[in-house]
Amino acid sequence: MKKLVLLFAVLLQTSFIFGQSRSTSEVFVEIPDRGNYVVYLDDDFAGSAKGRFRFYDVYRNSPTLVVMKDSMEVFRKRVNVAPNTRMILSYSRRSGLRNVLTLPIFDRGQYALDNWDRSFANNNQGPDYEYNEAMTDEEFNDAIGIIKNEAFPKNKLALAKTTLKNSRITTNQLLTLLKVFPFDEEKIDLAHFAYPYVVDRKNYIKVPKALMSLFAQEDMINWINKQ
């Protein structure tokens with residue numbers, strides 16, 4: 001009986017720890033210095049032409065932040081990330097890394113932040129505001145160039161998913177990304193994965209036409225209707 005009680009306690013503690021570790025957070029890094037920078041957060045990476053690097057779906061409480069300039073490492077540090085928050089950091093060669101702001105991601109159960117540091121509720125945005133969240137054309141072209149240069153299909157798909165995890169894209173950008181993959185199986189996998197990261201889901205109905213098979217197109221339409 002004691003063994004069963006002990007086993008139950010261990011399983012309960014494991015579930016509790018796992019539940020904690022899956023709390024999602026975000027880490028945004030701003031680099032005002034001029035230069036060609038790439039920022040890594042553990043195994044994820046982000047590039048930016050405007051010096052703003054976004055990492056969504058951060059599950060670890062103390063990921064390692066690495067700043068690369070011209071392919072050379074210039075900074076490395078573990079950062080402590082509170083669950084369900086967005087940590088906004090600033091890095092410069094002169095001042096090092098500093099925590100600018102930490103914001104709660106949710107407001108009354110709803111996602112409450114825009115693409116940097118303002119609440120949706122506090123901004124009077126126009127009807128095209130949603131597109132401001134997506135990668136710029138320059139950022140997207142940089143990302144797709146990296147993906148195309150990967151020789152192995154599995155690695156291409158993994159890079160594409162990593163890009164989506166750390167960014168937001170439009171439906172048209174997704175359609176361009178899907179063209180990188182020649183087979184419907186890979187396109188469908190990526191299209192399903194991309195859905196939460198697309199800023200204009202009202203246009204997602206364009207995606208089935210990117211598939212070659214009529215049966216695959218019909219399945220994709222049915223899948224979209226269930227989301």
Side-chain angles (χ1 to χ4, degrees), residues 6-32 37-48 50-68 73 75-92 95-123 125 129-130 132-135 139 143 157-169 189-190 192-199 201 227:
L6 180 60
L7 178 59
F8 177 79
V10 171
L11 289 173
L12 184 63
Q13 184 179 21
T14 301
S15 299
F16 176 73
I17 293 172
F18 179 78
Q20 281 188 321
S21 65
R22 299 302 290 178
S23 295
T24 185
S25 301
E26 300 173 356
V27 175
F28 284 16
V29 183
E30 182 174 30
I31 301 180
Y37 287 93
V38 175
V39 176
Y40 285 81
L41 196 68
D42 284 340
D43 295 331
D44 292 339
F45 68 93
S48 172
K50 296 183 178 180
R52 288 188 165 187
F53 307 83
R54 303 167 177 86
F55 296 91
Y56 299 91
D57 298 332
V58 177
Y59 295 112
R60 295 184 180 179
N61 294 328
S62 56
T64 299
L65 179 75
V66 178
V67 178
M68 307 284 291
E73 182 178 321
F75 182 82
R76 176 185 291 263
K77 185 179 180 180
R78 281 189 176 273
V79 293
N80 295 320
V81 183
N84 297 318
T85 63
R86 174 184 292 173
M87 175 182 284
I88 299 177
L89 304 171
S90 178
Y91 170 79
S92 68
S95 304
L97 187 72
R98 62 187 182 92
N99 187 353
V100 177
L101 193 62
T102 299
L103 298 168
I105 292 177
F106 300 101
D107 180 15
R108 289 166 288 190
Q110 299 294 319
Y111 190 87
L113 303 178
D114 72 353
N115 66 327
W116 198 252
D117 61 359
R118 297 179 299 277
S119 168
F120 286 132
N122 293 331
N123 288 274
Q125 306 294 349
Y129 172 70
E130 60 187 6
N132 294 335
E133 282 199 295
M135 283 190 289
E139 290 170 337
L157 190 60
L159 281 174
K161 289 181 177 180
T162 297
T163 299
L164 291 170
K165 282 175 62 179
N166 297 325
S167 309
R168 296 293 185 266
I169 63 172
D189 187 351
L190 185 58
H192 286 181
F193 183 89
Y195 185 81
Y197 305 101
V198 171
V199 297
R201 294 179 199 165
Q227 303 310 304

With distance as the sole test, does Asp42 use its side chain to make a donor-acceptor pair with the main-chain N or O of Thr64 at under 3.5 Å? yes
Looking at CZ of Phe106 and OG1 of Thr85, how far apart are the two atoms once the value is rounded to the nearest 0.5 Å? 10.5 Å
Is there a side-chain contact between Val199 and Ile169 (heavy atoms, below 4.5 Å)? no
Rounded at 0.5 Å granularity, tell me how far CG in Leu113 sits from CG in Leu103. 5.5 Å
Asp57 and Thr24 have their tightest heavy-atom pair at CA-OG1, 3.2 Å
Rounding to 0.5 Å, atoms CD1 (Ile88) and CZ (Arg54) come to a distance of 10.0 Å
Please report the C-alpha distance between Phe55 and Phe45 in whole Å, then the side-chain angles of each, then the deciding distance to 0.1 Å, and finally whether the ring-ring contact (aromatic ring centres under 6.0 Å, His included) criterion is met. CA-CA 8 Å; Phe55 296 91; Phe45 68 93; 8.8 Å; no
For the residue pair Arg86 and Ile105, what are the closest heavy atoms and their distance? N-CG1, 3.8 Å
Met87 CE to Thr102 OG1 distance, which is reported to the nearest 0.5 Å: 4.5 Å
Looking only at heavy atoms, what is the nearest atom pair of Ser25 and Val81, with distance? CB-CG1, 3.5 Å
Could you tell me whether the side chain of Arg78 and the main chain of Ser62 form a donor-acceptor pair under 3.5 Å? yes
Quick one, Thr162 and Asp43 - any side-chain contact, counting heavy atoms below 4.5 Å? no
Where Leu89 and Val79 come nearest, the two heavy atoms and their spacing: CD1-CG1, 4.2 Å
Distance-minimising heavy-atom pair for Ser90 and Pro32: OG-CD, 4.2 Å
When you compare the side chain of Phe75 with that of Val39, does any pair of heavy atoms fall below 4.5 Å? no
How many angstroms lie between atom CZ of Arg98 and atom CD of Glu30, to the nearest 0.5 angstrom? 8.5 Å
Is Asp189 close to Lys161 at the side-chain level, that is, under 4.5 Å between some pair of heavy atoms? yes
Specify the closest pair of heavy atoms between Lys165 and Asp44, including all atoms of both residues, with the distance to one decimal. NZ-OD2, 3.9 Å
How long is the gap from OH on Tyr91 to NZ on Lys77, to the nearest 0.5 Å? 11.5 Å
Side-chain (Arg201) to main-chain (Pro196) donor-acceptor, under 3.5 angstrom: yes
